[in-house]
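Chain letters run A, B, ... following the sequence lines, proteins first, then strands; residues in each count from 1. Quick caveat: nothing in here was measured; it's all calculated off a predicted structure.
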Amino acid sequence: MSGNGDAACAAPQRGAAPPFRTVLLWFRRDLRVSDNPALIAAVQAATSVVPVYVWAPEEEGQFQPGRCSRWWLHHSLKALEKDLQALGTSMVYRRAPESRIALIQLVEETGAQAVFFNHLYDPISLVRDNEVKAAMLGMNVHCQSFNGDLLYEPWEVLAAGGRPVTSFASFWSRLQDMPYPPPIPLPVPAAISAVPPEIVGLGLDSLGLMSPEEQQSNQQLYHSWTPGGKGAHALLEKFVADRLRNFSKQRAKTDRESTSTLSPHVHFGEISNRHIYYVVKRQGAKLGSMGGEWRDSTADFVRQMGYREYARYLSFHFPFTHERALLEHLRAAPWNFDQRHFKAWRQGRTGYPLVDAGMRQLWSSGWLHNRIRVVCASFLVKHLLLPWQWGLKHYWDALLDADLECAALGWQYISGCLADAHPFSYMLDLKKESLRFDPDGNYVRRWLPVLARMPIKYIHRPWEAPDHVLEDAGVELGVNYPYPLISAKESEAALARAAEIIQQSVVSHSSELIPFRPASDPSALRNSNDASAPTPSSVDMVGGKRRRGRNGEAAAKTAGAFQAAAARARNPEYRGYDHAERTAHLAGEAAQVPQVSFAGRLAGEDGSTDPGLSNGAAGGNAAAAAACNGTSNPCRSAAAPGAACSEVQRTDPTLSDEVVVSNNISTACIGHGDTNATSGAQRVRGGAQDRSAPGPDAEVPSVEVVEAVVPCMSGDNNHAVVPGKPDAGSGSKPRCL
DNA sequence: TGAGGTTTATT
DNA sequence: ATAAACCTC
């Protein structure tokens, strides 16, 4: 008995009165009634349970969910509401600038003596949840949290010396050698007492998760997806019955039918991953003897689940991986901060059909097959030498299943800043990938209709096609489909140069500054105090002067682990190893390093200049245009709204685009974490990716690139100035090869 | 059969 | 880069 079983400690003795009169059940990304440890515990521990969902996107900073993600959240909550109603209760919705504030209010209104919730592991939640606990402690309210998301908690899986492991292989083998199984899924409670009538919340609709302007863009989502636990379980059943058997062989196929497509369900916790784990395991055990493919496929699928598990593990132990590289050597990467390249990538106008098809599918459907995510991400980082943080932010804004921990792991993997990934210098072979994942070109044809009539031979490299072939296919390079943004040769050379610069930096700094492989640094985690918290437990008690039963000690350790993780997340200097001795050096370096961000704003392009971009809103980009005209300013800061952009606005005649570039935009925009054209409030409701208004070009992720060493945007010529790179300006002009 | 080359996956 | 899996002679 482990994990969920511990939840029983909160249960009353049979016949005895429950220890609490009222418990707040705080839902977050555990939107389900089955296998929900916090829910079960609350039902057992309280006479009255008040389920609550707080919509407080502002506290997520620049990682507020995008349109598709919010659409999903809305419908997921709706489905949960229905499930709760069937059990006899309802959801209390609140809108607040901070979850903590709403919870404090609700505690006061309900007189709740306890708050129960399930753990989250992203850096933002680590901090917030600990602040919530502190607040509850201050109010003498019991606060108890549970493992509702993972097979094993991050502190249960440690290397010798209590340090976290830093390679997936060791993580995975440890996970499989654990002496006890992952928590067994819990049942749906028989009934939940109704919320007292005097407790009122908002209606789901008035949270504004979907805005009217987005409705049109959201229409197609209804056809492809069914958010909610019921949809999730149906999907899992179908997957196990139809596709699991051949998962190992088929999953590289890029059409949607090869994978489980459960990720958005899993992200919002509509279905417990432990449930999935046991279903798949059982299937493998049952049918493993019937053929190797069952064994391979179930193991393979569970391994994919392991990546998600590992992502949370890394995020917990190194709560900066969504913005800084795990291996520090990428601090020296000479990123090519080129707005035009970044924009072309987002719009799917790089001239490489597989990448462009992927980027258009991403933007228009919110979904991408994993392999295509890899191809597009790799193209951004390795071909265009753009910082992976920019790509991460765009994926975050566009993906239906956007998940910060998985994003951090994926992008760091792509960028070569994990100990067990490709080295930075490795470049994906696009030719090969195209042949492997889209041999017939059907994927490209589907998402790039302009290439629909290209013969197979040239569909992945239209720039090599003879004129008459292009003519027959109705393709005019440079007109309705772009020339490659950068040639394979050029990008290879640039990558090699970049890798050299990085390598030099590593060599010259490694002794005193950069442990190339922090994984093997024995001083790793010296400044964390969670090394002593490996005891398995799902129960976390903070502030409970009440029950410190037999699990009290383990619970205290769990709380300690979370406090330590929150402290790490709060500490901007934390890099997974003792940082103090290097601070001076870093501070010296930081003084010469302008913080680079971007607040590019391109107006009036979209469909009007690119007929191939079917999703563009031709001529309808009023919001973006207004943003650049100063009607509303994309660069806002609380202190000086609109201060940053006007002085650096520039027009680039080669693109008929207004390009807003700034050197020190970060100081003005970054703190705010939001450089969208719409106001903060509008953005929350979804300005971000509303296709009926701004297209992908209007989406301006503000991502602080803190690890760059020198590159800065030149206000003069709008291209990155990269030391050691002779033709630094080469990326600034549209390419016609 | 096994040495030796080739492909594939790595998060 | 590197190892494992997969070919081939």
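The interatomic distance linking A/Arg371 (CZ) with B/dT8 (P) rounds to 12 Å, in whole Å. Separating the CG atom of A/Leu175 from the C1' atom of B/dT11 is a distance of 15 Å, rounded to the nearest angstrom. Look at CZ on A/Arg436: it is 14 Å from C1' on B/dT6, rounded to the nearest Å. The NZ atom of A/Lys431 sits 15 Å away from the P atom of B/dT7 (whole-angstrom rounding). Here B/dT8 presents its C1' atom at 13 Å from CG of A/Asp300, a figure rounded to the nearest Å. Separating the NZ atom of A/Lys432 from the C1' atom of B/dT6 is a distance of 10 Å, rounded to the nearest angstrom. Residue A/Leu435 contributes atom CG, which lies 14 Å from atom C1' of B/dT7 at whole-angstrom precision. One can place CG of A/Leu418 at 15 Å from C1' of C/dA1, the figure rounded to the nearest angstrom.
Under the rule for a salt bridge (Lys or Arg N to Asp or Glu O under 4.0 Å), A/Arg445 has no partner lying at least two apart in sequence or in another chain.
The cationic group of A/Arg373 does not satisfy the cation-pi geometry with A/Trp411, failing either the under 6.0 Å distance to the six-membered ring centre or the 45° limit from the ring axis. A cation-pi contact, defined as under 6.0 Å to the ring centre and within 45° of the axis, is absent between A/Arg282 and A/Tyr278. For A/Arg303 and A/Phe301, the positive end is not near the middle of the six-membered ring at less than 6.0 Å and at most 45° from its axis.
Residue-level contact check: A/Tyr310 touches the backbone only, with heavy atoms under 4.0 Å from sugar-phosphate atoms and none from bases. At the heavy-atom level, A/Arg373 lies nowhere under 4.0 Å from the strands shown. Backbone-only engagement by A/Phe168 is indicated by non-hydrogen atom pairs under 4.0 Å involving sugar-phosphate atoms exclusively.
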